[in-house]
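This report concerns only the one structure given below.
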Amino acid sequence: MKHLWRLLPFTFILLLAGCGKQNLSALDPQGPVSEIQFSLIMLSLYIMIFVIVVVFVIYVLVLIRFRDRPEHTHIPKQVHGNKALEVIWTTIPIVLLLILAVPNVMQTFTLADTEPTDADMVVRVHAHQFWWEFEYPDYDIVAGQEMYIPTNTKIILELEASDVIHSFWVPALAGKQDNVPGIMNPMWIEAPNEGVYMGKCTELCGPAHWQMDFKVIAVDPDTFETWAANMVEGPQDVADTGNELAVEGRAVFEQSCISCHAVAGEGGNPQGGPDLTNFGERIVAAGYLEFNDDNIEAFIRDPQRYKPGNAMQAFPNMSQDEMDALIEYLHTLKVLE
Amino acid sequence: MAQHGMDPSAPLTGEPSKKTKRKLARELRTQIISFILMIFLTSLAFVSIASDAIPASFALPFILLLAVIQVILQLYVFMHLNERGNGWPNAMIWSGVLIAIPTVAALMLLLGVVKW
Amino acid sequence: MSYAKAQSKSTLWDWLTTVDHKKIGIMYLVAGAFFFALGGLEAILMRIQLMFPEFTFLPAQTFNELLTMHGTTMIFLAAMPLLFGLMNYIIPLQIGARDVAFPFLNSLGFWLFLFGGILLNISWFVGGAPDAGWTAYVPLSSESPGTGIDYYVLGLQVSGAGTLIGGINFLVTIINMRAPGMSMMRMPLFTWSSFVASILILFAFPALTIGLLLLMLERVFDATYFNVGMGGNVIIWQHLFWIFGHPEVYILILPAFGIFSEVIPTFAKKRLFGYSAMVFATLIIGFLGFMVWAHHMFTVGMGPVANSIFAVATMAIAVPTGIKIFNWLLTLWGGRIRFTTANLFALAFIPSFVMGGVTGVMLATSAANYQFHDTYFVVAHFHYVIIGGVVLGLFAGAYYWWPRIFGYKLDEKLGKIFFWLFLIGFHLTFFVQHFLGLIGMPRRVASYLDGQGLNAMNLISTIGAFLMAVAFIIFVVSIFTSRNNKVTEEDPWGDGRTLEWTIPTPTPEYNFAQTPLVRDVDALWYEKYEGDGKMKAAEPLGDIHMPNGSILPIVISLGLFIASFGFIYHHAGFTWLAVVGLAITFGAMFVRSIKEDHGYHIPVDEITNNKGGE
Amino acid sequence: MADHTIDHNTLPPNPEKATLEGRNKFMGFWFFLGGETVLFASLFGTYLGLRGGTVDGPGPSELFHLPFVFLMTMILLTSSLTSVFAIISMKRGNYKGLLAWMTVTVLLGVAFLGLEIYEFVEYVDHGLGFTTSAFGSAFYTLVGTHGAHVAFGIAWITTLIIRYRKSGLTLTNAPKFYTAVLYWHFIDVVWVFIFSIVYLMGIGG
Ligand code: HEA
Ligand code: HEA
Ligand code: CUA
Ligand SMILES: [Cu+2]
């Protein structure tokens with residue numbers, strides 16, 4: 001019952017969107033922040049529907065009653081105006097706006113409550129053209145593209161950018177804040193439910209702006225602790241698994257890739273690419289491509305074709321054997337099992 | 001709009017009326033007095049900064065106040081904004097100031113470095 | 001005196017040198033329509049790209065260029081000049097003046113706009129158009145490679161100077177050139193709202209001028225205002241842009257409001273309801289328009305106090321706008337409404353604009369704006385207010401004043417087909433975009449992934465855009481096919497209320513043989529029903545003084561056009577071109593200032609001949 | 001809107017506003033100054049926003065030299081007074097006086113501009129270039145825009161003096177001289193804020 005009211009106007013859209021799957025819709029809030037925002041959206045929507053209905057009713061009435069007809073010959077009375085009416089249509093909108101403005105101001109402050117306490121977790125979000133980096137200062141972890149968080153924990157995000165302005169948006173969890181070079185913007189999110197939440201960059205940041213997607217993955221706090229510990233440890237050493245191909249792949253990786261991509265704290269550089277420690281567990285590759293070998297290979301051979309303007313070096317001439325080994329190795333980069 | 005038969009590039013001859021002359025003499029006096037006042041205000045501003053005796057917390061608002069007074073003198077005495085018939089120029093200048101204030105304030109304060 | 005001299009020139013030369021507000025108005029309309037078609041074409045290309053998910057009709061870079069040029073072209077080169085065209089032609093007629101206050105500057109303003117617009121579009125052919133959005137946020141714009149952004153900066157700087165000049169010109173014209181008896185509170189509402197829009201231009205454009213100056217110095221001369229590593233700050237640009245940018249949207253809508261306030265009373269045969277409330281509301285909107293700009297920046301991190309203040313201030317604008325909406329409805333109430341094409345556009349405006357306006361208030365809800373911002377919800381909002389307000393206003397104004405300006409009526413049948421197709425296409429295109437935004441589609445995306453529930457609505461949106469394109473082509477066709485509907489009467493609608501309907505068609509070059517005497521708001525209506533139907537003259541018939549034409553406005557603009565290339569290609573060693581260009585500009589200004597030009601007189605018999613009808 | 005009747009024996013009290021063209025010019029120019037207010041506000045705001053962005057370059061307190069700025073201020077202030085004298089001469093029908101005072105105004109303007117250029121050269125020597133830091137860029141842009149206004153004013157008034165050196169006062173040139181003087185005063189108005197906000201506040205804290 002409690003949830004029925006909010007479903008009414010958008011039921012058909014929700015069906016269209018199939019949003020349960022994607023966790024992409026601001027109309028299907030999955031956490032306290034997006035709930036607050038959703039309730040404001042609905043409050044404002046109801047006020048606006050009221051306004052629209054009032055205007056439409058007068059409008060339709062006028063158009064029907066006062067259309068010119070051939071039998072009309074009178075000159076309409078040239079009315080100057082009406083004080084009482086002016087007062088009415090000044091006051092009523094003011095009242096309607098107050099109904100919206102007061103909760104809005106309160107919630108604006110609620111959402112700005114980003115002073116971290118001991119119970120909260122801090123994640124620094126660095127945005128790059130065109131990928132995301134998540135740094136967990138309390139754990140000494142850096143993760144690329146996919147942000148793991150524990151459920152039911154208030155997460156304070158500290159947003160930063162290294163090149164141009166980006167904007168961090170996970171519609172189902174929270175509205176956006178901008179990642180601005182030279183400035184740190186705090187915001188907070190919380191996810192009561194486990195799940196994968198789609199995130200998008202919403203500030204035009206170059207040709208591959210539309211592909212600058214990311215994921216927020218909420219897991220139960222225990223899983224999160226495991227994940228965090230293993231991110232520091234790194235994935236299991238491929239030499240221990242007896243996977244020859246992967247060992248070969250690691251060699252390729254260490255020769256060509258490690259200068260930009262760190263794995264378990266080794267390699268990488270500040271101007272480099274995403275941390276690949278848990279790449280094998282990615283839901284998508286490069287932020288938006290379906291996670292399969294063909295896509296990964298194609299991306300490595302020609303990153304520009306996929307995300308124009310991105311900073312990764314291309315490897316068009318890598319031999320097929322090396323490529324197969326490399327991809328095998330990339331698949332072993334897992335920390336959760 | 002013919003100028004009543006007057007050629008616009010013919011030199012204007014003749015003397016100003018007596019009334020105008022008196023007005024101009026008065027005006028000249030006001031102008032000189034306000035110039036002296038401006039010199040004084042300017043010097044005061046410089047001195048209040050140059051001398052170490054006056055604390056900055058006082059000197060800064062003080063010099064801004066002096067600047068405002070001086071500008072009002074410029075606008076109303078030198079530029080005659082106080083004269084009758086200058087309603088529109090007044091309106092536009094003050095509208096400009098009205099918009100200038102939030103502009104400066106925002107650029108000083110709302111740059112994201114300090115959150116309000 | 002020297003009348004013969006003014007006649008002996010060729011037609012082309014006559015148009016190039018004209019300082020007649022009517023011809024300048026027509027040139028604004030033609031150039032504006034051209035840029036509207038261009039901006040529309042850019043929109044259509046974007047919509048084709050967005051028709052299907054992961055469609056590869058256009059590369060992402062091209063898409064970004066199209067979206068930037070679409071926004072920039074539509075706002076600066078289409079909507080504003082089209083409004084300027086109507087303002088130029090109509091304001092002097094509505095206030096009973098023979099010309100604007102500064103005919104020379106008026107022409108200069110037009111040529112600056114045109115050269116600026118051409119400059120901007122040259123970027124397409126020399127290495128790519130600007131690609132950072134019409135808002136050109138730094139550092140994306142300041143560090144964008146290539147010359148696209150340089151063209152943006154200089155193109156807008158040049159055309160912006162033209163706009164500022166135009167604004168001052170309208171202000172002084174309206175203040176100083178009104179016919180006797182026309183007090184401020186007897187001015188037609190179109191003149192009033194253009195007046196307030198001009199005030200907004202006067203105070204908004206300088207902020208843009210500085211923003212563009214800084215961006216140019218940053219890109220061309222390595223300044224560091226926006227360079228974080230050098231102590232710079234990137235938010236400064238956003239403030240400067242929006243201190244200009246928000247008033248800009250009211251610069252667009254207020255004259256459109258003015259048009260509706262002329263069209264609706266005319267076709268309802270009823271005086272505008274609540275004239276003084278309308279004037280007052282316009283002024284309030286103008287004032288508040290300057291106090292709300294940061295509602296575009298809720299997510300940049302100004303903090304909750306700043307966000308709350310700007311949110312509440314923004315919401316306040318709904319009140320005066322609502323006053324206007326209800327006054328229009330009450331004007332219709334009790335009238336005899338004729339559904340001419342002009343009036344159809346005006347009537348369609350009311351519900352369309354209200355829908356766009358209320359989504360504006362939703363956007364102003366700062367805490368909810370974090371969800372809306374930079375999504376298609378915003379795109380839907382502003383196309384509803386811009387197309388549902390400004391564009392419908394332009395079409396209403398075009399149909400209404402067409403006979404006055406061009407001497408013939410546009411075909412009503414084609415007009416109605418155009419109207420319905422355009423209106424349906426418009427709602428089809430943009431209504432669904434509200435939902436696209438809410439279910440997760442950011443704006444300025446070159447494509448979107450399949451399987452996110454965005455496909456159907458994007459397709460609908462594109463179909464709507466095609467309907468608008470078909471409608472627009474019908475309009476263009478009707479311009480040519482209607483040319484036989486010649487109009488000769490002074491007041492072709494029969495219900496004209498204001499001074500522009502008191503003079504012969506086609507409009508004589510001196511507008512009014514005798515300056516009229518104004519005795520009430522709706523001067524003509526008053527004479528029709530309280531007098532003998534003819535305006536009283538405020539002066540005896542006499543020679544009429546007219547300004548001479550001049551080629552200098554083109555020369556001044558051309559100089560800046562040339563100089564711009566010098567700045568754009570500064571790094572390639574073309575700085576000398578800037579010197580040459582500026583020398584041409586300042587040289588022409590110098591010539592203008594030392595050459596006195598007192599115009600010429602049209603003798604009385606010439607005027608009486610014309611009055612008898614040619 | 002009837003024009004003031006012009007009687008050949010008495011000078012109109014406000015020759016600059018005696019014709020419609022003059023009144024238009026007068027009004028339009030004031031409005032332009034209203035716009036300039038916002039233009040300079042944008043520059044002042046930018047400067048104040050970036051004032052602290054000195055990075056490794058020198059900051060205000062290391063550069064600014066008060067006595068020098070005081071001298072510049074006095075010169076500009078005096079030129080404002082001499083332009084007032086010019087207008088009073090004009091209204092008295094003393095055309096020679098008008099030209100003479102305008103010439104003095106221009107000379108003072110040139111002196112001011114010379115000092116400003118000298119000042120900039122000094123600062124560059126002390127390590128503050130246009131591209132040294134955001135502070136440097138913002139400083140030169142603000143003060144330089146003012147300087148550009150001074151230069152334009154000098155060129156404008158000089159043109160007027162030369163063009164009209166022999167014409168005597170006319171209904172056409174009176175508004176031109178008048179608006180040029182308004183412009184000159186406005187330059188001084190802006191300078192008041194520059195010396196207060198840039199220089200005095202730069203030294204004072
Ligand atoms: C003609 C242009 C125009 C007009 C008139 C408006 C009008 C309004 N706009 Fe809009 N706006 C734009 C053009 C325009 N806008 C553009 C181009 C952008 C995007 C720029 C970009 O980023 O590229 C934008 C973006 C924009 C934003 C930023 C969104 C974002 O990026 O996050 C906001 C936020 O507050 C906003 C608010 C408003 C409001 C409150 C009004 C109000 O003026 C509306 C007032 C009208 C009504 C409310 C309807 C009538 C009133 C009644 C019937 C009375 C009763 C009503 C109530 C009680 C609600 N607009
Ligand atoms: C006055 C302003 C104005 C107008 C009228 C329009 C009109 C239209 N706009 Fe646009 N729009 C903006 C201002 C405007 N827009 C702005 C400011 C932006 C933001 C840009 C940015 O983000 O930086 C924007 C962004 C924008 C987007 C979002 C892009 C993105 O974020 O990725 C879209 C997408 O659908 C869009 C679509 C349209 C469409 C379909 C029309 C249609 O109404 C167009 C209708 C016109 C036509 C269809 C004419 C067609 C002409 C022909 C077919 C040629 C025929 C020629 C002859 C007959 C001679 N616009
Ligand atoms: Cu990053 Cu868009
Ligand atoms: Cu706005």
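Worth saying up front: this structure is predicted, and the values here are computed from it rather than measured. Just so we're on the same page: letters track the sequence lines, and every chain starts at 1.
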Q) Is atom CG of D/Asp125 surrounded by more than 12 heavy atoms (other residues, nucleotides or ligands) closer than 6.0 Å? A) yes
Q | Which atoms of D/Tyr164 approach chain C - backbone, side chain, both or neither, heavy atom under 4.5 Å | A | side chain
For residues [X] and [Y], report the shortest heavy-atom separation together with the two atoms involved.
| X | Y | value |
| --- | --- | --- |
| C/Thr224 | D/Thr131 | CG2-O, 3.8 Å |
| D/Val38 | C/Phe203 | CG1-O, 3.3 Å |
| D/Leu50 | C/Gly231 | CD2-O, 3.8 Å |
| D/Val55 | C/Gly229 | CG1-O, 3.8 Å |
| C/Ser593 | D/Thr159 | OG-CG2, 3.8 Å |
| D/Leu20 | C/Asn176 | CD1-O, 3.9 Å |

What is the distance from atom [atom1] of [X] to atom [atom2] of [Y], rounded to the nearest 0.5 Å?
| X | Y | atom1 | atom2 | result |
| --- | --- | --- | --- | --- |
| D/Thr145 | C/Ile210 | OG1 | CD1 | 5.5 Å |
| D/Thr54 | C/Met230 | OG1 | CE | 11.0 Å |
| D/Asn24 | C/Thr173 | CG | OG1 | 7.0 Å |

**Q.** Proximity breakdown for C/Ile199 and chain D, heavy-atom pairs closer than 4.5 Å
**A.** neither
**Q.** Heavy-atom contact with chain D under 4.5 Å, split by part of C/Ile594
**A.** both
Q. Should the pair C/Phe586 and D/Phe152 be assigned to parallel (<30°), tilted (30 to 60°) or perpendicular (>60°) ring geometry?
A. tilted
Q. Top residue by heavy-atom pair count (under 4.5 Å) with chain D, among C/Ala538, C/Ala207, C/Ala223?
A. C/Ala223
Q | residues 132-142 of chain D: residues contacting chain C (heavy atom under 4.5 Å, by number) | A | D/Thr132, D/Ser133, D/Ala134, D/Ser137, D/Ala138, D/Thr141
**Q.** Residues of residues 25-32 of chain D with any heavy atom under 4.5 Å of a heavy atom in chain C
**A.** D/Lys25, D/Met27, D/Gly28, D/Phe31, D/Phe32
(Q) Between D/Glu21 and C/His598, is there a side-chain heavy-atom distance shorter than 4.5 Å? (A) no
